[in-house]
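For reference, the structure discussed in these notes is given below.
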Amino acid sequence: MAEAQGQAPPDEEVLVAPERGSVEELLDASAGDPLDPMRHSAAHVMAEAVMDLFPGTKLGIGPAIADGFYYDFELPRALTPDDLAAIEARMAASVAADHAFVRHELPPEEGRAFFVERGQPYKVEILDDLGVAARAAGRPMPPVTTYEHGPFIDLCRGPHVASTGRIGPFRLLSVAGAYWRGDEKRPMLQRIYGTVWATQEELERYLWRREEAKKRDHRKLGRDLDLFSFHAESPAAPFWHPRGMALWRALEAWSRQVRLEGGFVEVRTPAVVRKELWETSGHWALYRENMFVFEDGDHLSGLKPMNCPESMLIFRTQVRSYRDLPMRLADYSWLFRNERTGALAGMFRVRQLTQDDSHVICRDDQVIEEVNLALRLVRRQYGPFGFEPRFKLATRPEKKLGTDEFWEMAEGKLAEALHGAGIAYAVDSGGGAFYAPKIDVFVEDALGREWQMATIQLDYQLPQRFELEYRAAAGGVERPVVIHYAIYGSFERFIGIITEHYAGAFPFWCAPVQAVVVPIADRHLDAAGELAGVLRARGLRVEVDNSSNRMQNKIRLAQEQKVPYMLVFGDREAEARTASPRTRGGEQQPAVGWEELAERLAEEAAARRPD
RNA sequence: GCCGACAUAGCUCAGCGGUAGAGCAGCUGUUUCGUAAACAGCAGGUCCUCGGUUCGAAUCCGAGUGUCGGCUCCA
């Protein structure tokens with residue numbers, strides 16, 4: 001989720017840290033939530049409470065964020081959950097006291113002196129930086145604004161609610177470490193997160209949503225549904241169980257079909273690669289700390305973190321003609337990334353992963369068309385999940401390779417491809433990779449969370465590093481362009497996302513187990529097995545519950561496993577060679593003949609409806 | 001990597017200085033049942049690992065490993 005790189009408008013970034021990864025923030029940084037003043041006010045009240053309980057606390061920043069607020073503190077000791085309760089109680093007292101928020105303005109020097117005197121070095125640093133920024137812009141340093149309520153006064157530009165009594169129902173949520181200004185070389189402060197809403201109902205709804213998200217946690221569902229497991233013997237590397245693998249294969253088959261329709265051919269490339277390749281690609285210089293490197297005889301080798309360099313080698317195995325382009329290569333190879341331990345998180349960040357990786361090697365005049373194809377494939381591949389992707393054009397960053405003309409051209413091509421596909425998009429100014437602009441793709445899940453999914457990257461660097469060339473129509477040689485994208489991203493992360501999106505109730509087409517036959521008594525087991533065989537012959541994933549449980553319990557277990565169809569099978573069905581389907585939605589369907597059922601379910605699977 | 005928390009049976013958790021408990025799951029037996037839990041019995045644990053304190057450690061302390069919440073990172 002934190003893959004998006006937020007870039008706050010320059011004059012906002014000091015006092016208000018945007019929530020990283022929030023697409024709303026990325027798409028429209030100016031759109032503030034109407035609850036923000038209240039949330040920010042709650043942060044002030046929390047700071048008041050903390051100062052009260054821990055005199056001498058040094059204050060960091062305390063902005064409003066999506067759904068709430070936080071404040072960073074330098075404290076004499078680590079906070080415990082009990083402290084949160086005490087802080088909440090003090091906050092409640094401050095709210096009950098209904099202190100007015102009062103704005104003050106001080107001349108710059110006086111304002112600075114005020115915070116020096118109060119022993120607030122972080123606030124002083126902010127003021128000093130504001131001064132530097134003002135001078136750089138050739139403006140005079142503006143007055144220092146503070147907000148005071150009751151016993152507490154803080155550097156702040158506002159706005160706030162009129163008084164603390166206007167702060168709605170709130171709850172403190174968690175404590176976490178956070179580097180001052182997000183810089184890992186600076187001190188680590190303690191950040192308290194809280195949430196606040198206009199009404200009790202909204203607060204409760206938010207807390208319910210958090211609970212719901214916890215219930216849907218893919219790490220829990222992955223175990224409950226027997227999809228995968230993690231083991232300390234290979235940290236952050238999933239072990240795929242039969243059911244997880246069934247889901248994977250269904251997704252993979254769909255990805256392959258989409259690639260096939262898009263004119264791709266598939267390759268597979270080695271996992272162990274000598275360092276010379278990574279030197280050529282630039283990974284050795286730029287990505288080595290994330291690679292697993294080892295001695296391989298008298299050479300140094302690395303496990304590949306990405307597929308692209310190897311596709312370059314495949315391209316170079318022949319003299320290529322302009323007629324051979326575009327060459328569209330799909331690659332589902334294993335990738336290995338030695339992520340920093342703290343970054344690991346269930347399926348969302350693993351160290352061994354597989355992408356539905358796509359490399360299009362094309363002529364410069366084919367770029368727009370190929371990006372356009374990528375955009376169409378993205379939409380097509382997300383269709384069966386009901387995801388409606390949103391697109392963002394990430395343009396030149398401050399630190400970049402290449403001339404302005406180059407960026408002008410590359411950004412223009414991506415924009416044109418977006419227009420050509422009839423896609424409305426936002427611009428993430430400065431969000432591009434250092435070597436080229438890109439198009440980032442986002443989807444919203446069933447809980448309203450935004451996820452960054454595919455990224456479509458233009459790459460003029462790799463062809464140059466690998467000296468790729470083709471024979472041009474006009475004679476001579478020219479250098480192709482590479483377009484990279486993975487639509488699911490990694491299978492691991494995508495499965496994590498859809499597990500939570502569907503709360504484990506996967507659509508029929510990709511459900512790990514599509515139907516369970518529920519024999520009513522042991523005498524039905526043989527015929528139930530026959531029924532399963534008929535369905536399996538049509539490629540359906542069917543199991544028979546041959547336990548000694550009663551039918552009711554078999555149904556309950558199948559429901560808990562979120563199996564789309566339960567096929568109740570007793571004397572009547574055995575007699576007539578039918579089955580009585582019950583859906584996981586609780587609908588009981590009339591008995592149907594085996595062949596007809598197989599036909600119907602096979603069609604349903606092929607239709608890949610999002611459900 | 002950094003800050004903090006957590007680690008007890010397959011799962012969810014209780015026990016928190018005197019050598020370990022429940023529910024569910026599992027196994028066995030009985031039951032063979034018509035749309036979300038049949039009944040009975042049995043079995044199951046170097047209390048993450050290593051070290052320390054103590055007469056005695058699941059319990060206190062330290063280190064390590066893993067996981068979780070964040071920060072950072074994320075071609």
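Side chains are part of it too, since the values below use all heavy atoms of this structure and drop only hydrogens, waters and symmetry mates. In what follows, chains are A, B, ... by sequence order, proteins preceding strands, each numbered from 1.
Checking B/rU67 for Watson-Crick or G-U wobble geometry (two distances, each under 3.5 Å) identifies B/rA5 as its partner. Checking B/rU54 for Watson-Crick or G-U wobble geometry (two distances, each under 3.5 Å) identifies no partner in any strand. The partner of B/rC73 is absent, by the rule that a Watson-Crick or G-U pair needs both atom distances under 3.5 Å. If you check B/rA22 for Watson-Crick or wobble pairing at under 3.5 angstrom, you find it paired to B/rU12. In a base pair of the Watson-Crick type (N1 to N3 plus N6-O4 or O6-N4) or a G-U wobble (N1-O2 and O6-N3), with each distance short of 3.5 Å, B/rG29 is matched with B/rC39. Searching all strands for a Watson-Crick or G-U wobble partner of B/rG34 with both distances below 3.5 Å returns nothing.
Residue A/Leu286 is in base contact, counting any heavy-atom pair closer than 4.0 Å across all strands shown. Contact annotation for A/Ser580: base contact, defined as any heavy-atom pair under 4.0 Å involving a base atom. A/Arg572 comes within 4.0 angstrom of a base, heavy atoms only. Using a 4.0 Å heavy-atom distance criterion, A/His524 is classed as making no nucleic acid contact. The residue A/Gly346 sits close only to the backbone: its heavy atoms come under 4.0 Å of sugar-phosphate atoms, none of a base. Using a 4.0 Å heavy-atom cutoff across all strands shown, A/Phe434 reaches at least one base atom of the nucleic acid. Residue contacts shown for A/Ser281 include a base, since a base heavy atom lies under 4.0 Å away. A/Arg191 comes within 4.0 angstrom of the backbone, heavy atoms only, and of no base. If you check every strand for non-hydrogen atoms under 4.0 Å, A/Gln552 touches sugar and phosphate atoms only. A/Ala178 comes within 4.0 angstrom of the backbone, heavy atoms only, and of no base. The residue A/Ala236 sits close only to the backbone: its heavy atoms come under 4.0 Å of sugar-phosphate atoms, none of a base. Here A/Gly342 lies in heavy-atom contact (under 4.0 Å) with a base.
In this structure, A/Trp180 atom CH2 and B/rG70 atom P are separated by 21 Å, rounded to whole Å. Remark: C1' of B/rU12 and CG of A/Asp217 are 15 Å apart, rounded to the nearest angstrom. For the pair A/Asn546 CG and B/rC33 P, the interatomic distance rounds to 17 Å; values are reported in whole Å. Between the OH atom of A/Tyr179 and the P atom of B/rG70 there is a distance of 16 Å, given to the nearest Å. As a whole-Å value, the separation of A/Phe569 CZ from B/rC33 P is 15 Å. Atom CG of A/Asp440 and atom C1' of B/rC74 are 12 Å apart (whole Å).
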For this session: Go through A/Tyr287 and A/Ser281 one step at a time and tell me if the side chain to side chain contact (heavy atoms under 4.5 Å, CB included) criterion holds.
Result: CA-CA 10 Å; A/Tyr287 201 71; A/Ser281 68; over 6 Å; no

For this session: Go through the steps to decide whether A/Phe69 and A/Tyr71 satisfy the test ring pair (Phe, Tyr, Trp, His ring centres under 6.0 Å), and finish with yes or no.
Result: CA-CA 7 Å; A/Phe69 59 92; A/Tyr71 213 117; 9.1 Å; no

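Taking the C1' atom of each, B/rC60 and B/rG66 are spaced 23 Å apart, rounded to whole Å. With P as the reference atom, B/rU35 and B/rG23 are 29 Å apart, rounded to whole Å. With C1' as the reference atom, B/rC6 and B/rC48 are 12 Å apart, rounded to whole Å. B/rC39 and B/rU12: their C1' atoms are spaced 24 Å apart (whole Å). Comparing the P positions of B/rU28 and B/rC71 gives an interatomic distance of 50 Å, to the nearest angstrom. For the C1' atoms, the distance linking B/rC24 with B/rA63 amounts to 36 Å, nearest Å. B/rA43 and B/rC2 have their C1' atoms separated by 46 Å, with the value rounded to a whole Å.
One side chain, A/His484 or A/Asp459, offers a donor N or O that lies under 3.5 Å from an acceptor on the other.
Of the residues near RNA chain B, A/Phe230 and A/Arg584, the one whose nearest nucleotide (by heavy atom distance) lies more toward the 5' end is A/Arg584. Sequence order on RNA chain B of the closest nucleotides to A/Ala433 and A/Gln190 puts A/Gln190 first from the 5' end.
Checking A/Phe442, A/Phe494, A/Phe348 one by one against A/Trp451, the ring-ring contact (aromatic ring centres under 6.0 Å, His included) holds for a single residue, A/Phe348.
Using a 4.0 Å cut-off between charged side-chain N and carboxylate O, A/Arg216 and A/Asp445 make no salt bridge.
Contact check, A/Arg223 against B/rU67: no side-chain N or O comes under 4.0 Å of OP1 or OP2.
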Can you tabulate the close N/O pairs, meaning under 3.5 Å, that link protein atoms to atoms of nucleotides 30-32 of chain B?
unit_1	atom_1	unit_2	atom_2	d
B/rU32	O2'	A/Arg523	NH1	3.2
B/rU32	O2	A/Asp522	N	2.9
B/rU32	N3	A/Asp522	OD1	3.3
B/rU32	N3	A/Asp522	OD2	3.1
B/rU32	O4	A/Asp522	OD2	2.7

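Counting distance only, with no hydrogens placed and no angle test, the side-chain atoms of A/Glu573 and the base atoms of B/rG34 include a donor-acceptor pair under 3.5 Å.
Across A/Ile361 and A/Met312, no two heavy atoms sit closer than the pair CD1-CE, 4.2 Å.
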